[in-house]
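What follows is a short report on a single structure.
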Amino acid sequence: MRAHQHRGHIHHSATTYGKSVQGAALEVYLPSKQAELLIFAGIHGEEPETTVLLSKALRCLDVPLTHCAVVLAANPDGLVRGTRANANGVDLNRNFPAQNWQEADVCHRWEHGRPQEVALSSGSHAASEPETQALIKLITDLQPNHIISMHGPLGCIDDPLASPLGQWMAQQTDLPLVPDVGDPTPGSFGSWCADGDLPVITYELPAESIWSMQAKHLGVLNALLLGKYSLN
């Protein structure tokens with residue numbers, strides 16, 4: 001691992017795979033070989049812990065990525081603004097062209113324990129947003145064997161297939177392995193993946209500070225980036 005004094009910035013080179021609504025570069029860190037795994041974070045801009053922890057894991061590495069592609073900010077406009085949605089007010093995780101996509105308000109909680117009453121859009125049509133389109137194209141081009149989507153704060157490993165990778169992640173994080181998060185998610189990335197038989201795991205970080213999560217989850221992310229995980 002890279003010495004702490006050299007972890008202040010990312011030493012790997014990024015490739016631009018698209019542009020956001022506001023023209024921000026959508027960046028991916030590509031491996032030197034076939035992308036067996038894609039990890040992406042920050043599709044909800046109010047979940048910055050996903051981006052920070054994945055960035056810290058990437059900054060720890062003193063070797064090139066060989067098998068894992070990394071997207072730190074799938075929704076950079078939302079991250080800059082601290083909003084769940086992109087700059088158009090669209091919840092990108094309800095904008096994918098899944099069979100269950102629907103044009104309707106997408107509501108989320110303002111704070112823990114309150115009803116889901118903050119309304120966002122699912123888009124004027126499925127895959128209406130440039131961030132959605134770019135991520136779909138990236139996945140189509142990379143053809144990864146596994147995809148991990150980082151979210152928070154539900155504190156679980158959501159893997160409908162209960163795959164060996166999902167089981168390994170649950171064991172390493174002490175988070176429960178679940179087949180779904182319990183609520184309907186029309187137009188979600190997971191729904192789109194299910195339609196296309198793409199194996200996706202949603203890595204739901206718990207409702208803790210970045211500092212408290214770092215001790216446990218940074219090591220798991222490092223292992224994923226380096227390919228040091230078990231599929232047995």
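In this view, Lys19 satisfies the salt bridge (charged side-chain N to carboxylate O under 4.0 Å, His left out) rule with no residue, not counting sequence neighbours. Judged as a side-chain hydrogen bond (donor to acceptor under 3.5 Å, both in side chains), and not counting sequence neighbours, Asp105 has no contacts. With sequence neighbours left out, Ser191 forms a side chain to side chain contact (heavy atoms under 4.5 Å, CB included) with Ala98, Asn100, Thr185, Ser188. Judged as a salt bridge (charged side-chain N to carboxylate O under 4.0 Å, His left out), and not counting sequence neighbours, the contacts of Asp174 are Lys216. The side-chain hydrogen bond (donor to acceptor under 3.5 Å, both in side chains) search around Glu117 returns Arg114, not counting sequence neighbours. Scored by the salt bridge (charged side-chain N to carboxylate O under 4.0 Å, His left out) test, Glu47 finds Arg84 as partners (sequence neighbours excluded).
With values rounded to the nearest 0.5 angstrom, Leu61 atom CG is found 9.0 Å from Arg7 atom CZ. Within the model, atoms CD of Gln172 and CG of Leu221 stand 11.5 Å from one another, a figure rounded to the nearest 0.5 Å. With values rounded to the nearest 0.5 angstrom, Thr83 atom OG1 is found 8.0 Å from Leu120 atom CG. Of the inter-residue distances, the one linking Leu26 atom CG with Gln133 atom CD reads 11.0 Å to the nearest 0.5 angstrom. Interatomic distance, Ile148 CD1 to Met150 CE, rounded to the nearest 0.5 Å: 8.5 Å. One distance of note links CZ of Arg2 with SG of Cys60; it measures 9.5 Å at 0.5 Å rounding.
Remark: the backbone N or O of Gln102 is paired with a side-chain donor or acceptor of Ser122 at under 3.5 angstrom. Side-chain N or O atoms of Thr140 include one that pairs as donor or acceptor with a backbone N or O of Ile136 at under 3.5 Å. Here the side chain of Trp101 pairs a donor or acceptor atom with the backbone of Arg94 at under 3.5 angstrom. With Asn75 contributing its side chain and Ala85 its backbone, the two residues share a donor-acceptor pair below 3.5 Å. At distances below 3.5 Å, not a single donor-acceptor pair connects side-chain atoms of Thr16 with backbone N or O atoms of Ala25. The backbone N or O of His125 sits nowhere less than 3.5 Å from a side-chain atom of Glu103 that would complete a donor-acceptor pair. Distance alone, capped at 3.5 Å, places no donor-acceptor pair between the Ser55 side chain and the Thr51 backbone.
Under the 4.5 Å side-chain heavy-atom criterion for Ile, Leu, Val, Met, Phe, Trp and Tyr, Ile157 and Val181 are members of distinct hydrophobic clusters. Cluster annotation: Leu30 and Leu135 are assigned to the same hydrophobic cluster (Ile/Leu/Val/Met/Phe/Trp/Tyr, side-chain heavy-atom contacts under 4.5 Å, transitive). There is no path of hydrophobic side-chain contacts, each under 4.5 Å, that joins Ile139 to Ile201. Cluster membership for Leu58 and Leu205, using ILVMFWY side-chain heavy atoms within less than 4.5 angstrom, is shared. In the hydrophobic clustering of ILVMFWY residues, with side-chain heavy atoms under 4.5 Å counting as a link, Leu224 and Leu38 come out apart.
Summarising the geometry of Asn93 relative to Asp91, their closest heavy-atom pair is N-OD1, 2.9 Å, with the distance given to 0.1 Å. When all heavy atoms of Asp159 and Val200 are compared, the pair lying nearest together is OD1-O, 4.1 Å. Contact detail for Pro199 and Asp197: the closest heavy-atom pair is CD-O, 3.6 Å. Taking each heavy atom of Pro76 and Ala24 in turn, the nearest pair found is CG-CB, 3.9 Å. Here the closest heavy-atom approach between residue His217 and residue Tyr203 is recorded as ND1-OH, 2.7 Å. Minimum heavy-atom separation, Trp168 to Ala223: CH2-CB, 3.8 Å.
Contact of the Leu226 side chain with the Met1 side chain is registered, since non-hydrogen atoms from C-beta on lie closer than 4.5 Å. Taking the side chain as every heavy atom from C-beta outward, Thr15 and Glu27 never approach each other to under 4.5 Å. Between Val28 and Phe40 there is no side-chain heavy-atom pair separated by less than 4.5 Å. Counting heavy atoms from C-beta outward, Glu36 and Cys68 have side chains that stay 4.5 Å or more apart.
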Show, in sequence, the C-alpha distance, side-chain angles and deciding distance for Val71 and Tyr17, and conclude whether the side chain to side chain contact (heavy atoms under 4.5 Å, CB included) test is met.
CA-CA 10 Å; Val71 173; Tyr17 69 93; 3.5 Å; yes

Assess the residue pair Glu204 and Leu175 against the criterion (side chain to side chain contact (heavy atoms under 4.5 Å, CB included)); give the C-alpha distance rounded to whole Å, side-chain angles, the decisive distance to 0.1 Å, and a yes or no.
CA-CA 9 Å; Glu204 282 276 356; Leu175 294 175; over 6 Å; no

Carefully, step by step, assess Glu131 and Asp77 under the rule side chain to side chain contact (heavy atoms under 4.5 Å, CB included).
CA-CA 10 Å; Glu131 298 93 343; Asp77 295 347; 3.9 Å; yes

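With ring centers used as reference points, His9 lies under 6.0 Å from His11.
Other residues, nucleotides and ligands contribute over 12 non-hydrogen atoms within 6.0 Å of the CD atom of Gln22.
Using cut-offs of 30° and 60° on the angle between ring planes, the pair Tyr29 and His12 is perpendicular. Ring geometry, Tyr229 versus His67: the interplanar angle falls from 30° to 60°, so the pair is classed tilted.
For the side-chain contact (heavy atoms from CB on, under 4.5 Å) with Val90, the lone residue among Asn95, Val21, Thr132 that qualifies is Asn95.
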